[in-house]
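The next block holds one structure in the form of structure tokens; read it before the comments.
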Amino acid sequence: MKIATWNINSVRLRINLVIKFLKEHDIDVLCLQETKTQDEQFPVQALAEAGWPNIAIRGEKSYNGVAILSRLPLTDISHLNWTGRTDCRHISGVVKGLTLHNFYIPAGGDEPDIDKNPKFSHKLNFIAEMTKHFSQQQPSRSILVGDLNIAPLAEDVWSTRQLRNTVSHTAIERKNLLALVEQGGWTDSVRAHFGPKEVLFSWWSYRARDWVASNRGRRLDHIWVSRDLASKVEAVTIESAMRGAEKPSDHVPLTITLQS
DNA sequence: ATGGCAAATTGAATTTGA
């Protein structure tokens, strides 16, 4: 089974790119973030006609929004409201006995100071709740994917020194995300696959004149598996070429192939 | 510490992203 995650930055704008990706990469399940679309406007018909009729969506106008698209039966669709908000940052479901958690963790604003910046405290509170949740319910037969908006390791950014005070790579975020992996019972399957030394990015800013030449990326998107699944991972890919598509998202898809 | 952009919404300017 091949599962992918992608922050699409508007699913309505990029539905044709999504369908092309699903077909060309033979994807069974795609988890999307930042769909930015109310449920009644989600392009379910185009996806069903393309061969992905099993869809779980949780969207709102303009911001956030997550979805799971599957060509296999998708059951047990559910969600949790993290930090007491209903802002469409999580959806879960079950495919072939595997529980999928799809997250869009808050970006956290500009200033990495919880006293001055409520968006940053929201982000840290969100991670703290996730850590508590998965510590109390250790996952099994589970996969957690999404735009987690943190690049935890030095090898996950173009310059760990220049980004040390930039939200997504501050010491507290890095430490807390690694604690969530550890205490939550997860394995970072992308890092495990490529090894500790390889520099890996999943996001490149729209602001660069030439994203390839400047290559100032960060690994903000993740695929984690519960530890019982770690030995079942057959392949992992980062589809960097998608950043070069016409009208691209600023994030690229990641995929994992699990023995089934 | 920032930013050369992009998207959605509302209707040229604002908010948000990271």
Side-chain angles (χ1 to χ4, degrees), chain A residues 5-18 32-43 57-67 82-83 85-90 103-127 146-174 176-177 199-222 238 240 242-254:
Chain A
T5 181
W6 195 4
N7 178 320
I8 195 61
N9 186 19
S10 175
V11 69
R12 282 175 293 166
L13 193 70
R14 277 181 259 282
I15 184 58
N16 292 335
L17 194 61
V18 168
L32 295 173
Q33 304 86 36
E34 282 207 89
T35 53
K36 297 186 173 178
T37 303
Q38 293 170 109
D39 292 352
E40 48 276 20
Q41 286 165 358
F42 200 95
I57 45 178
R58 185 152 180 261
E60 62 182 328
K61 192 190 264 194
S62 293
Y63 304 117
N64 311 325
V66 287
W82 304 83
T83 70
R85 303 191 191 194
T86 57
D87 52 356
C88 303
R89 293 179 179 276
H90 170 253
F103 278 96
Y104 176 50
I105 290 181
D110 276 330
E111 196 164 3
D113 183 326
I114 58 169
D115 296 318
K116 294 182 189 164
N117 175 10
K119 291 180 183 175
F120 193 64
S121 57
H122 178 218
K123 183 178 195 176
L124 294 186
N125 290 339
F126 198 106
I127 307 255
D147 178 2
L148 308 187
N149 267 319
I150 296 175
L153 305 174
E155 296 77 15
D156 295 331
V157 292
W158 64 274
S159 169
T160 192
R161 199 174 74 78
Q162 291 182 81
L163 292 175
R164 70 192 188 282
N165 294 320
T166 297
V167 171
S168 75
H169 194 62
T170 62
I172 184 79
E173 292 171 273
R174 297 171 63 186
N176 290 3
L177 195 75
V199 175
L200 301 171
F201 305 146
S202 66
W203 170 88
W204 290 260
S205 172
Y206 281 127
R207 297 189 186 198
R209 282 195 195 89
D210 182 334
W211 71 278
V212 177
S214 64
N215 198 28
R216 294 187 171 189
R218 307 177 201 168
R219 186 171 70 109
L220 304 178
D221 303 273
H222 298 270
I238 301 176
S240 307
M242 295 306 289
R243 185 63 181 77
E246 194 176 336
K247 297 282 277 179
S249 170
D250 46 355
H251 296 251
V252 299
L254 312 182

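For clarity, every value in this text was computed on a predicted model and none was experimentally measured. Note on naming: letters A, B, ... go to the chains in the order of the sequence lines (proteins, then strands), and numbering restarts at 1 for each one.
In this structure, A:Ser62 reaches the sugar-phosphate backbone alone: every heavy-atom distance under 4.0 Å involves primed, P, OP1 or OP2 atoms, never a base. Backbone-only engagement by A:Asn7 is indicated by non-hydrogen atom pairs under 4.0 Å involving sugar-phosphate atoms exclusively. Within the 4.0 angstrom heavy-atom criterion, only backbone atoms of the sugar-phosphate kind lie near A:Lys119; the bases stay farther away. Heavy atoms of A:Ala107 sit under 4.0 angstrom from primed sugar atoms or phosphate atoms, though from no base atom.
For the pair A:Arg12 and B:dT9, the criterion of a side-chain N or O lying under 4.0 Å from OP1 or OP2 is met. Look at A:Tyr206 and you won't find any side-chain N or O under 4.0 angstrom from OP1 or OP2 of B:dT16. Within the 4.0 Å cut-off from OP1 or OP2 of B:dA18, not a single side-chain nitrogen or oxygen of A:Ser205 is found. Side-chain N/O atoms of A:Asn149 include one lying less than 4.0 angstrom from OP1 or OP2 on B:dA18. OP1 and OP2 of B:dA18 both lie 4.0 Å or more from every side-chain N or O belonging to A:His169.
Atom CG of A:Asn165 and atom P of B:dA18 are 19 Å apart (whole Å). In this structure, A:Trp204 places its CH2 atom 17 Å from C1' of B:dC5, rounding to the nearest Å. For A:Arg164 and B:dT2, the CZ to P distance is 14 Å, given to the nearest whole Å. Atom NZ of A:Lys36 and atom P of B:dG17 are 9 Å apart (whole Å). One can place CZ of A:Arg161 at 17 Å from P of B:dT2, the figure rounded to the nearest angstrom. Rounded to whole Å, the distance from CZ on A:Phe120 to P on B:dA1 is 13 Å. Between the C1' atom of B:dG17 and the CZ atom of A:Arg89 lies a distance of 10 Å, rounded to the nearest Å. Distance CD (A:Gln33) to P (B:dG17): 15 Å, rounded to an integer number of Å.
Nearest to the side chain of A:Arg209, among B:dG4, B:dT9, B:dG17, sits B:dG4. Residue A:Glu34 has its side chain nearest to B:dG17 when only B:dG17, B:dT9, B:dT2 are considered. The side chain of A:Asp110 sits closest to B:dA18 out of B:dA1, B:dA7, B:dA18.
Checking A:Thr166 against A:Gln38, the closest nucleotide of DNA chain B that is more toward the 5' end is the one next to A:Thr166. Projected onto DNA chain B by closest heavy-atom contact, A:Pro106 and A:Arg14 fall at different nucleotides, the more 5' of which corresponds to A:Arg14.
Within residues 214-221 of chain A, the residues approached by DNA chain B to less than 4.0 Å at the level of any non-hydrogen atom are A:Arg218, A:Leu220, in residue-number order.
Distance noted for atom C1' between B:dG11 and B:dT15: 15 Å (whole Å). B:dA18 sits 11 Å from B:dG3 when the C1' atoms are compared, rounded to a whole Å. Straight-line distance between the C1' atoms of B:dG4 and B:dG17: roughly 16 Å, to the nearest whole Å.
Partners of A:Thr35 according to the side-chain hydrogen bond (donor to acceptor under 3.5 Å, both in side chains) rule, which considers only residues two or more places apart in sequence or in another chain, do not exist here. By the salt bridge (Lys or Arg N to Asp or Glu O under 4.0 Å) test, A:Glu60 is found to be paired with no residue, residues two or more places apart in sequence or in another chain being considered. When the salt bridge (Lys or Arg N to Asp or Glu O under 4.0 Å) test is applied to A:Arg218, no partner is found at least two apart in sequence or on another chain. Legend: residues meeting salt bridge (Lys or Arg N to Asp or Glu O under 4.0 Å) with A:Asp147, ordered by chain and number and at least two apart, are absent. For A:Asn16, the side chain to side chain contact (heavy atoms under 4.5 Å, CB included) test picks out no residue, with sequence neighbours left out.
Using bins of under 30°, 30° to 60° and over 60° for the plane-to-plane angle, the ring pair A:His251/A:Trp203 lands in the tilted bin.
Evaluation of atom-type donor-acceptor distances gives a pair under 3.5 Å for the side chain of A:Arg207 against the base of B:dG17.
Residues A:Trp158 and A:Asn215 are not in side-chain contact: their nearest non-hydrogen atoms beyond the backbone lie 4.5 Å or more apart.
The shortest non-hydrogen separation linking A:Val252 to A:Trp6 is C-CD1, 3.6 Å.
Within 6.0 Å of CG on A:Leu163 lie more than 12 heavy atoms contributed by other residues, nucleotides or ligands.
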